[in-house]
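Taking it in order: structure first as structure tokens, then the write-up.
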Amino acid sequence: MRTGSEPRTARSALRARLWLSVWGLAWALFGTVAFAVVGRAGWAIACGVLLVVVTIDLAVVLRRIRQGPHFQPGPGIPPYRPPVDRP
């Protein structure tokens with residue numbers, strides 16, 4: 001049920017996503033190195049691609065955390081400027 005106070009009371013999941021990205025980065029790096037050492041090139045490439053994706057996600061999360069909180073208008077403020085001339 002909507003109360004109209006969601007923008008003020010919303011909590012960001014960026015910190016959780018940050019730690020999940022760090023966890024994924026560690027496992028993808030470990031998988032890439034382990035499969036490369038064992039000689040499984042296909043799995044090493046797959047883990048390497050996953051490593052790139054996780055690194056990009058981590059960069060996005062860090063950028064958004066550094067941006068800080070953003071103003072969210074209340075329920076009484078329309079998301080657009082109302083038209084000046086009405087019929």
Side-chain angles (χ1 to χ4, degrees):
M1 180 166 130
R2 283 188 53 99
T3 62
S5 66
E6 286 83 3
R8 279 179 278 162
T9 60
R11 302 284 297 181
S12 174
L14 286 176
R15 296 276 180 204
R17 198 167 141 195
L18 171 77
W19 291 112
L20 287 172
S21 291
V22 169
W23 181 254
L25 185 75
W27 277 105
L29 182 64
F30 173 75
T32 303
V33 171
F35 284 123
V37 167
V38 174
R40 301 280 187 160
W43 284 103
I45 291 171
C47 286
V49 169
L50 185 63
L51 183 68
V52 170
V53 170
V54 171
T55 304
I56 292 170
D57 183 54
L58 186 62
V60 169
V61 168
L62 287 173
R63 179 175 176 262
R64 289 188 179 167
I65 286 175
R66 287 186 183 135
Q67 283 178 344
H70 297 286
F71 169 74
Q72 295 291 324
I77 300 173
Y80 55 89
R81 185 176 300 267
V84 177
D85 53 327
R86 293 189 175 199

The complete set of salt bridge (Lys or Arg N to Asp or Glu O under 4.0 Å) pairs with one or both residues in residues 18-36, sequence neighbours excluded, reads none
Which pairs, with at least one residue in residues 30-54 and sequence neighbours excluded, count as a salt bridge (Lys or Arg N to Asp or Glu O under 4.0 Å)? none
Other ILVMFWY residues reachable from Leu20 by side-chain steps of under 4.5 Å: none
With ring pair (Phe, Tyr, Trp, His ring centres under 6.0 Å) as the rule and sequence neighbours excluded, what pairs involving residues 33-65 come up? Phe35-Trp43
If Ile, Leu, Val, Met, Phe, Trp and Tyr residues are connected whenever their side-chain heavy atoms lie under 4.5 Å apart, and connections chain through other members, are Val60 and Val22 in the same group? no
Taking all atoms of both residues into account, what is the closest heavy-atom pair of Leu25 and Thr55, and its distance? CD1-OG1, 3.3 Å
Do the side chains of Leu50 and Ile45 join up, straight or via other hydrophobic residues, at under 4.5 Å, putting them in one cluster? no
With sequence neighbours left out, what residues match Trp19 under ring-ring contact (aromatic ring centres under 6.0 Å, His included)? none
Shared-cluster residues of Val53, by chain and number - hydrophobic side chains joined below 4.5 Å: none
Does any pair with a residue in residues 21-31 pass side chain to side chain donor-acceptor pair (under 3.5 Å), and if so which ones, sequence neighbours excluded? Ser21-Asp57
Considering residues at least two apart in sequence or located in another chain, which fulfil the side chain to side chain contact (heavy atoms under 4.5 Å, CB included) criterion with Arg15? Ile65
Does Val38 sit in a hydrophobic cluster with other residues, and if so which ones, taking ILVMFWY side chains as linked at heavy-atom separations under 4.5 Å, directly or through other members? none
Contact summary for Ala44 and Ala36, nearest pair of heavy atoms: CB-N, 3.8 Å
